[in-house]
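Each ligand, and each atom within it, is numbered from 1 in the order the structure gives.
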Amino acid sequence: MTNKNRTVPCFTVSIIMQDIKELSLKELEDKLLCWGSPKYYAKGIFNWIYQKGAYEFNRMSDLPAALRKALAMEFSILGLELADLEQSSDGTAKFLFALKDKNLVEAVSIPAARRVTGCISSQVGCKFGCNFCASALKGFKRNLTSGEILDEVLYLKNNASGGHPALSEEPVRASAQQLSHIVFMGTGEPLDNYENVLKAIRIINSAHGFNIGARRITISTCGIIPGIERLALENLQIELSISLHAAVDKTRSQIMPVNQKYPLEALIKCCHEYIAKTNRQITFEYILIKGFNSNLSSAQNLVKLLKDLRLAKVNLIPANSIPELKIIPPEISEIVSFRDYLFGAGINVTLRKERGQDIDAACGQLRLRHEEK
Ligand code: SAH
């Protein structure tokens with residue numbers, strides 16, 4: 001008997017889609033087996049996402065229709081949306097992404113003669129409070145998931161060198177230059193989000209993922225000793241950069257509060273051990289800040305600190321001016337003298353060419369401006 005007046009309970013089932021990029025190849029294979037599908041489809045799905053840049057399961061034309069449908073019911077592919085884009089006259093493009101929870105993160109693509117480098121964020125905000133860096137100004141919100149980190153890479157890969165990505169529904173295929181290098185030098189501290197960053201790196205590096213060679217992937221850290229020790233055991237050929245910025249504890253602690261927890265003597269000891277275990281070079285990033293760490297005696301202290309490290313390189317970076325932080329670079333003559341002193345002392349030293357000067361390309365600057373609007 002039917003009762004026309006009966007109110008039918010209306011169940012709203014809210015399905016939270018899982019980000020498929022949070023699954024390793026093995027985890028996806030297990031999922032397919034669980035569904036009764038052959039596991040080799042997992043490699044095909046990886047290929048569609050990471051190599052061909054598909055944002056929809058529907059496009060995966062060589063998968064059975066039923067599998068495509070099942071995937072679409074359970075998983076999402078791209079979780080972020082473009083919130084802002086600034087393009088520099090030198091080709092550098094800075095992307096501001098809105099995550100599903102509306103938090104904002106930045107990523108930058110930096111084309112050069114034979115490479116395109118993607119600078120990726122690992123956290124929303126940063127808890128380390130380095131006072132030359134705009135990332136920390138709004139405090140720390142949360143870690144990015146491995147899927148969100150891969151979202152940044154995926155978006156950059158699909159849009160790094162092609163026109164106005166934001167305006168096109170289909171990813172614009174990078175033509176002349178492909179995303180070739182990844183540096184974790186965007187917002188956040190990668191070694192403070194260790195598991196998710198490493199999980200993402202394994203997919204960035206995997207032949208079935210982005211297939212970017214380990215030596216083209218750089219983790220940059222403010223000097224989290226336990227993270228560096230852990231990294232030394234990973235058997236990964238990735239590059240390690242350490243943000244040093246001063247060579248004596250008193251000065252370093254003034255700009256990098258993390259130095260109080262992990263002071264220079266312990267940090268350099270840890271670097272010796274890292275080099276002994278991995279036989280890999282460490283790059284020390286040194287931002288030159290006018291009136292603070294750029295005179296001859298700072299250069300002498302830096303040489304003293306690093307002289308016994310077997311595989312070390314210094315990358316000098318003239319500070320990007322950040323008005324909120326009253327940071328400015330030294331005059332070019334002082335920068336050159338600093339570099340020449342290091343060079344004369346036998347240190348392997350490079351001077352970073354500044355990119356994206358006209359678009360607030362330093363860490364955290366675009367997000368800062370956006371949130372101030
Ligand atoms: N937490 C990690 C990753 C952030 S990247 C780390 O500390 O290494 C940090 C790097 O961003 C610095 O080493 C520097 O290369 C760059 N950076 C941040 N603020 C800058 C500024 N004001 N001028 C120039 N480079 C800056």
Side-chain angles (χ1 to χ4, degrees), residues 92 94 105-108 110 117-140 143-144 149 152 181-194 196-197 200-201 217-228 231 238-247 252-253 255-259 261-262 267 271 282-294 302 313-330 335 350-369:
T92 303
K94 185 149 191 170
V105 288
E106 301 175 1
V108 187
I110 309 156
T117 302
C119 177
I120 301 294
S121 295
S122 55
Q123 297 180 315
V124 181
C126 185
K127 50 174 99 143
F128 292 89
C130 300
N131 67 11
F132 51 84
C133 178
S135 297
L137 284 172
K138 294 271 169 178
F140 172 76
N143 281 333
L144 294 186
I149 293 168
E152 297 177 64
H181 292 69
I182 295 294
V183 294
F184 282 87
M185 291 188 182
T187 301
E189 169 50 50
L191 296 184
D192 187 49
N193 183 15
Y194 193 95
N196 294 344
V197 167
I201 284 180
I217 302 169
T218 301
I219 284 188
S220 179
T221 177
C222 60
I224 309 290
I225 292 178
I228 300 171
L231 201 59
I238 59 173
E239 302 294 324
L240 176 64
S241 276
I242 295 181
S243 294
L244 196 62
H245 312 319
R252 190 165 191 260
S253 294
I255 49 166
M256 300 182 73
V258 70
N259 191 66
K261 188 159 184 194
Y262 302 118
L267 181 60
C271 291
I282 298 177
T283 299
F284 292 89
E285 308 285 332
Y286 193 102
I287 298 178
L288 289 163
I289 302 168
K290 185 175 175 167
F292 182 73
N293 65 356
S294 56
L302 186 54
K313 185 183 138 186
V314 173
N315 190 21
L316 297 174
I317 308 156
N320 269 349
S321 303
I322 299 181
E324 290 84 346
L325 300 175
K326 301 194 171 59
I327 297 277
I328 52 167
I335 295 173
T350 51
L351 183 57
R352 187 189 287 177
K353 191 167 169 250
E354 279 309 296
R355 303 293 305 272
Q357 285 286 28
D358 49 339
I359 59 160
D360 296 338
C363 264
Q365 281 183 292
L366 183 59
R367 172 166 166 251
L368 189 66
R369 307 268 174 274

Would a 4.5 Å heavy-atom cut-off, applied to side chains only, mark [X] and [Y] as touching?
X    : Y    : result
T221 : L231 : no
F184 : I201 : yes
I224 : C222 : yes
L144 : N196 : no
C271 : I242 : yes
R252 : L267 : yes
T218 : T117 : no

Within a distance under 4.0 Å of any heavy atom of [X], pick out the atoms of ligand 1 and give their elements.
X    : result
F184 : 3 (C)
M185 : 5 (S)
E189 : 1 (N), 2 (C), 6 (C)
C222 : 6 (C), 7 (O), 8 (O)
A319 : 23 (N)
R352 : 15 (O)

Strictly under 4.0 Å, does any heavy atom of [X] approach an atom of ligand 1?
X    : result
G186 : yes
F128 : no
G223 : no

- Under 3.5 Å between some N or O of ligand 1 and some N or O of G188?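 Yes; at least one N/O pair falls below 3.5 Å.
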I need the contact type for [X] against ligand 1. Using non-hydrogen atoms and a strict under-4.0 Å cut-off, is it side chain, backbone, both or neither?
X    : result
I242 : neither
I317 : side chain
E285 : side chain

Please list every donor-acceptor pair under 3.5 Å in which a side-chain atom of residues 119-127 meets a protein atom from a residue at least two apart or in another chain.
from: S121; atom 1: OG; to: E106; atom 2: O; distance (Å): 2.6
from: S121; atom 1: OG; to: T187; atom 2: N; distance (Å): 3.0
from: Q123; atom 1: OE1; to: E189; atom 2: N; distance (Å): 2.9
from: Q123; atom 1: NE2; to: N143; atom 2: OD1; distance (Å): 2.8
from: Q123; atom 1: NE2; to: D192; atom 2: OD2; distance (Å): 2.9
from: K127; atom 1: NZ; to: D192; atom 2: OD2; distance (Å): 2.9

- Message: Is it the case that the side chain of N293 and the backbone of H245 share a donor-acceptor pair, with hydrogens and angles ignored and the cut-off at 3.5 Å?
- Response: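 A pair under 3.5 Å: yes.
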- Between I287, L191, N320, which one has a non-hydrogen atom sitting closest to atom 14 (C) of ligand 1?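 Among I287, L191, N320, the closest heavy atom to atom 14 (C) of ligand 1 comes from I287.
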